[in-house]
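Have a look at the structure below, then the notes.
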Amino acid sequence: MSLIKNDYPILEYDTESKAIIMPGHSTDFHFPERAVMLFMETEVENYAVENDCEIIGQFITITKLFPVYKTIHNGVELAVCQAPLGGAAATQIMEQLVAGGVKKIIAAGCCGALFTDNEGDFYIPVSALRQEGTSYHYLPPSREVSLNDNAINAIAKVLNARGFRYKKCKTWTIDGFYRETKEMVAYRKAEGCSVVEMECASLAACAKFRNIIFGQLLFTADSLANIESHDTRNWGNRHFTLAMDLAMDAAVGV
């Protein structure tokens, strides 16, 4: 029996790798080995137009169509796609990429700062606290999920080579955007989380389950450092294009 039962449904875990609906069941895509998942739409679409990127796949969801582009970056083929908000939606895209042959993925997107920093500061998660739901469908219950060392090192190497400061960190993944309460933020800070976002733990868990390499580059947008006053700043908008370029460099190097 592969199903581990529990009083709490979110903690019930099935070790069976085959599901009734599997990624790629209605498609026959063939993607490059390396891909970037980017939590940004305008920048991805602008890049695709400016570089005359070929559409090599598309994922149809209930809300929109997500094209997958092929590009050559530093002489290496990459699949490039927008990643949707939230762990469940982003993981669905990751599953489709993996089903199409992707084995190495670097994601890039913004996050909320839990400590005082400058907007756009870079962070490389080495672990993600699992306060979301999707990761529990891929891994047995645990407090955190670790990220792949090879991916972490590839991102760090790119940042070092290009002269950007960064911090390795534990990130807090939560899927309740409006449930970041004062007490919860203080609690997460006390246990070592530096930033907060909505996808990292989910993607890291899926990557482990599917046995692929995954890493994520985060840059801070808004700030929750002062729990008495949420500072939206500029939502990190000035740093999206740079983060996309850095993620592509890292995907080539991993």
Side-chain angles (χ1 to χ4, degrees), residues 10 35-40 81-95 97-98 102 104-115 117 120-156 158-159 166-177 179-180 184-185 188-189 191-224 235-236 239-240 243-244 246-247 250-251 254:
I10 194 63
V36 288
M37 295 179 63
L38 304 165
F39 291 92
M40 53 194 78
C81 71
Q82 180 197 352
L85 177 71
T91 298
Q92 188 175 0
I93 299 294
M94 173 181 270
E95 284 272 34
L97 290 172
V98 174
V102 173
K104 301 175 181 181
I105 297 176
I106 300 295
C110 62
C111 61
L114 298 182
F115 291 90
D117 76 337
D121 280 358
F122 290 114
Y123 288 82
I124 307 174
V126 298
S127 65
L129 189 141
R130 300 167 64 184
Q131 197 180 6
E132 36 70 68
T134 302
S135 68
Y136 293 89
H137 300 289
Y138 288 91
L139 296 177
S142 64
R143 194 158 189 82
E144 301 174 13
V145 56
S146 61
L147 277 82
N148 183 274
D149 286 338
N150 288 335
I152 292 168
N153 292 338
I155 298 169
V158 167
L159 292 172
Y166 64 91
K167 294 179 182 177
K168 295 180 179 179
C169 74
K170 179 194 300 186
T171 182
W172 167 27
T173 306
I174 181 173
D175 52 15
F177 185 81
R179 294 302 300 150
E180 298 168 6
M184 188 64 75
V185 169
R188 296 294 176 236
K189 290 169 67 173
E191 64 178 325
C193 294
S194 300
V195 296
V196 58
E197 39 66 46
M198 300 182 69
E199 300 89 13
C200 188
S202 303
L203 294 172
C206 178
K208 283 182 178 290
F209 187 78
R210 298 299 181 197
N211 196 30
I212 68 157
I213 292 174
F214 169 73
Q216 187 159 5
L217 172 64
L218 296 172
F219 56 97
T220 52
D222 59 323
S223 176
L224 290 80
W235 291 109
H239 307 279
F240 279 68
M244 176 175 63
L246 293 170
V254 70

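This is a predicted model, so every value here is computed, not measured.
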Tell me, please, which residues at least two apart from Gln82 pass side-chain hydrogen bond (donor to acceptor under 3.5 Å, both in side chains).
Lys64
Any idea which heavy atoms bring Gly112 and Leu224 closest together, and the distance?
CA-CD1, 4.5 Å
Roughly how far apart are Phe214 CZ and Leu147 CG, rounded to 0.5 Å?
6.0 Å
Which heavy atom of Pro125 sits nearest a heavy atom of Thr171, and at what distance?
CB-CG2, 3.9 Å
Spacing of Tyr123 atom OH and Leu217 atom CG [to the nearest 0.5 Å]
12.5 Å
What pairs of residues pass the ring pair (Phe, Tyr, Trp, His ring centres under 6.0 Å) test when at least one of them lies in residues 127-146, not counting sequence neighbours?
Tyr138-Phe209
Val102 and Ala35 have their tightest heavy-atom pair at CG1-CB, 3.7 Å
For Leu85, which residues count as a side-chain contact (heavy atoms from CB on, under 4.5 Å) partner, sequence neighbours excluded?
Met198, Glu199
Residue pairs meeting salt bridge (charged side-chain N to carboxylate O under 4.0 Å, His left out), one or both in residues 209-220, sequence neighbours left out, come to Glu95-Arg210
List the steps and the verdict of side chain to side chain contact (heavy atoms under 4.5 Å, CB included) for Phe122 and Ile155.
CA-CA 10 Å; Phe122 290 114; Ile155 298 169; over 6 Å; no
Residues forming a side-chain contact (heavy atoms from CB on, under 4.5 Å) with Ala201, sequence neighbours excluded:
Ala128, Arg130, Glu132, Val145, Thr173
Contacts of Phe39 meeting ring-ring contact (aromatic ring centres under 6.0 Å, His included) (sequence neighbours excluded), chain-then-number -> none
Going by the rule ring-ring contact (aromatic ring centres under 6.0 Å, His included), which residues pair with Phe240 if we only count those two or more places apart in sequence or in a different chain?
Phe219
Side chain to side chain contact (heavy atoms under 4.5 Å, CB included) between Met40 and Cys110, worked out
CA-CA 9 Å; Met40 53 194 78; Cys110 62; over 6 Å; no
Under the side-chain contact (heavy atoms from CB on, under 4.5 Å) rule, collect the residues that match up with Ala151, sequence neighbours excluded.
Ile106, Asn148, Ile213, Val254
Rounded to the nearest 0.5 Å, how far apart are CD of Gln92 and OG1 of Thr134?
10.0 Å
Do you know which two heavy atoms are closest between Ala205 and Ser135, and how far apart they sit?
CB-CB, 3.6 Å
Stepwise side chain to side chain contact (heavy atoms under 4.5 Å, CB included) test for Ile93 and Cys81
CA-CA 9 Å; Ile93 299 294; Cys81 71; 3.9 Å; yes
The salt bridge (Lys or Arg N to Asp or Glu O under 4.0 Å) partners of Glu144 (sequence neighbours excluded) come to Lys170
Rounded to the nearest 0.5 Å, the CE atom of Met94 sits from the CD1 atom of Ile105 at a distance of 4.0 Å
Short side-chain to backbone donor-acceptor contact, Asp175 and Gly133, under 3.5 Å:
yes
Going from OG on Ser194 to CD1 on Ile124, what distance comes out if it is rounded to the nearest 0.5 angstrom?
12.5 Å
Taking only residues two or more places apart in sequence, or in another chain, which ones meet Asp121 in a side-chain hydrogen bond (donor to acceptor under 3.5 Å, both in side chains)?
none
Any chance you could measure Leu203, atom CG, to Met37, atom CE, to the nearest 0.5 Å?
5.0 Å
Non-neighbouring partners of Asp117 that pass salt bridge (Lys or Arg N to Asp or Glu O under 4.0 Å), sequence neighbours left out
Arg233
Mind checking what makes salt bridge (Lys or Arg N to Asp or Glu O under 4.0 Å) contact with Arg143, not counting sequence neighbours?
Glu191
